[in-house]
Amino acid sequence: QPGQLPTLLGGNGYDWTDLDSLTLSGKINTDDINALRILLTPYIRVAQTNERGNLTVTSDCYLHLRHLDLGQCTIVGGGKADMEESIVTRLPDTYLNADNNTLADCAFKLTRTLLESIVLPRNLEKIGGWAFYYCANLRRIDIPATVRYIRPYAFANCTSLAEINLTDDSRLEYLGIYALNSGSGFAEIRLPRPLQITESEGPILGSPSTKNIHLRWPEPPVLTRFGVNKAVTLYVPRGTGDAYRAAAGWN
């Protein structure tokens with residue numbers, strides 16, 4: 001049931017220091033995500049009070065969680081942003097989520113986190129803005145086919161991110177400004193046909209740095225302000241090459 005992870009972990013941060021990999025299943029909410037945010041920070045402070053309650057000692061605990069599997073989880077709305085009183089962190093942002101199947105804004109925006117890999121929840125539909133901002137050790141991300149929205153700056157400054165994978169049956173409709181501006185270089189990105197191109201929010205296609213972009217639109221979307229980097233190789237549906245060569249922004 002949602003909201004149980006803080007209880008399962010307990011309040012003794014020293015017990016978490018050897019945790020390298022974590023797999024969860026079931027429903028998770030704001031409480032559970034906030035517990036994960038604590039586990040994914042590089043260090044926490046643990047406050048211990050003696051039996052008389054007249055002396056509290058605070059010390060640092062360095063955490064090492066690198067691999068997180070949420071593939072068998074379903075995100076539900078609700079929960080609070082409260083933390084265990086004995087644990088002191090310096091999380092830069094508050095995480096709150098009221099919607100189902102949504103990884104809300106700033107979910108794993110954690111400077112110096114050691115997170116290297118994550119399996120996203122099944123049935124996930126939305127990835128919030130700045131969701132993985134500055135996850136500098138994240139190496140690869142597989143986007144579930146159910147995801148329809150990736151908000152601005154979602155994977156910005158993920159400087160080790162070498163792969164971002166969208167399935168052939170992806171339902172992705174929206175990529176926010178700089179959502180894929182990781183600061184790293186991708187070998188290729190495959191963009192699905194449902195994706196809507198809008199120039200109202202700035203550079204198109206989430207602004208990835210990549211050598212190859214595979215497109216599925218039978219006709220090139222109209223561009224008037226922005227275009228694809230000239231160093232990129234475009235792969236387009238068979239028979240549409242002339243149309244793309246003649247289209248502004250794609251040519």
Side-chain angles (χ1 to χ4, degrees), residues 1-13 16 19 22 24 26-47 56 58 60-66 68-70 73-116 118-121 123-138 141 147-159 161 174-182 201:
Q1 295 301 313
Q4 290 186 331
L5 185 59
T7 301
L8 294 172
L9 288 172
N12 185 359
W16 311 342
L19 186 62
L22 180 62
L24 301 181
K27 297 178 181 179
I28 57 176
N29 66 4
T30 292
D31 295 334
D32 305 304
I33 297 294
N34 275 311
L36 292 174
R37 283 158 54 83
I38 294 172
L39 289 176
L40 286 167
T41 55
Y43 76 95
I44 56 176
R45 307 206 82 188
V46 179
T56 299
T58 303
D60 292 342
C61 282
Y62 291 88
L63 306 181
H64 305 92
L65 181 59
R66 290 177 167 83
L68 182 60
D69 187 342
L70 305 178
C73 292
T74 299
I75 296 180
V76 297
K80 308 177 294 296
D82 298 339
M83 293 184 293
E84 169 65 42
E85 292 183 359
S86 64
I87 305 299
V88 181
T89 67
R90 294 182 178 178
L91 295 175
D93 302 278
T94 299
Y95 177 86
L96 284 170
N97 177 42
D99 301 319
N100 294 337
N101 299 316
T102 297
L103 194 62
D105 292 351
C106 302
F108 298 118
K109 181 186 175 185
L110 303 166
T111 304
R112 296 192 301 278
T113 179
L114 298 179
L115 180 65
E116 295 180 10
I118 183 170
V119 179
L120 294 175
N123 301 323
L124 186 65
E125 295 179 2
K126 299 177 183 178
I127 298 176
W130 294 270
F132 292 91
Y133 191 78
Y134 266 125
C135 286
N137 292 296
L138 188 64
I141 193 81
V147 171
R148 297 170 55 205
Y149 305 96
I150 300 179
R151 299 297 186 187
Y153 296 93
F155 296 98
N157 290 321
C158 294
T159 52
L161 192 60
Y174 171 84
L175 264 178
I177 181 174
Y178 299 119
L180 305 182
N181 189 22
S182 65
E201 297 185 13

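Numbering starts at 1 and runs along the sequence shown.
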Find the distance between CG (Leu68) and CG (Leu19) and round it off to the nearest 0.5 Å. 9.5 Å
Step-by-step side chain to side chain contact (heavy atoms under 4.5 Å, CB included) determination, Ile141 to Leu120: CA-CA 8 Å; Ile141 193 81; Leu120 294 175; 4.1 Å; yes
Distance, nearest 0.5 Å, that separates CG of Leu70 from CG of Asp32: 10.0 Å
As an exercise, state the distance from CZ of Arg112 to CG of Leu40, rounded to the nearest 0.5 Å. 14.0 Å
Within the 4.5 Å heavy-atom criterion, are Asp31 and Lys80 side-chain neighbours or not? yes
Min side-chain heavy-atom separation Leu110-Leu91 under 4.5 Å: yes
Evaluate Leu103 against Ile33 for side chain to side chain contact (heavy atoms under 4.5 Å, CB included), listing each step before the verdict. CA-CA 9 Å; Leu103 194 62; Ile33 297 294; 4.3 Å; yes
Can you name the nearest heavy-atom pair linking Gly129 to Arg151, along with the distance? N-CB, 3.1 Å
Indicate the atoms forming the closest heavy-atom contact of Ile38 with Leu63, along with that distance. O-CD1, 3.4 Å
Given side chains that start at C-beta, do those of Tyr95 and Leu36 come closer than 4.5 Å, heavy atoms only? no
Closest non-hydrogen atoms of Val46 and Cys61, given as atom of the first, atom of the second and distance, are CG2-SG, 3.6 Å
Let me know which of Trp130, Tyr178, Tyr133 forms a side-chain hydrogen bond (donor to acceptor under 3.5 Å, both in side chains) with Asn157. Tyr133
Any side-chain heavy atom of Ile28 sitting closer than 4.5 Å to one from Val76? no
Using the rule side-chain contact (heavy atoms from CB on, under 4.5 Å), only one of Ile118, Leu124, Asn123, Val119 pairs with Pro121; which is it? Leu124
When you measure from the side chain of Asp69 to the backbone N and O of Leu22, does any donor-acceptor pair fall under 3.5 Å? no
Smallest heavy-atom separation, Leu114 atom then Arg66 atom, equals O-CG, 3.6 Å
Would you give the length of the straight line joining atom OH of Tyr149 to atom CD of Glu125, rounded to the nearest 0.5 angstrom? 9.0 Å
For Leu9 and Trp16, which heavy atoms make the closest approach, and how far apart are they? O-NE1, 3.2 Å
Spell out, as yes or no, whether a donor-acceptor pair under 3.5 Å connects the side chain of Thr102 to the backbone of Asn100. yes
Say you draw a straight line from SG of Cys73 to CG of Leu24; how long is it, rounded to the nearest 0.5 Å? 5.0 Å
Please confirm whether Arg37 makes a cation-pi placement over Phe108, using NZ or CZ under 6.0 Å from the six-membered ring centre and within 45° of the ring normal. no
Would you indicate whether the side-chain heavy atoms of Ile177 and Tyr153 approach each other to under 4.5 Å? yes
Does the side chain of Tyr43 pick up a donor-acceptor pair with the side chain of Asp60 at under 3.5 Å? no
Taking the side chain as C-beta and beyond, is there a heavy-atom pair between Leu180 and Leu161 under 4.5 Å? no
Asp99 side-chain N/O to Gly77 backbone N/O, donor-acceptor pair under 3.5 Å: no
When every non-hydrogen atom of Lys109 is compared with those of Asp93, the smallest separation belongs to CD-OD2, 3.2 Å
Can you confirm whether Leu115 sits close enough to Leu65 that some side-chain heavy atom of one is under 4.5 Å from a side-chain heavy atom of the other? no
With no hydrogens and no angle check, is any side-chain donor or acceptor of Asn181 less than 3.5 Å from a backbone partner on Ala156? no
Side-chain touch Ile75/Asn97, heavy atoms, less than 4.5 angstrom: yes
Indicate the ring-plane relationship of Phe155 and Phe132, choosing parallel, tilted or perpendicular according to the 30° and 60° boundaries. parallel
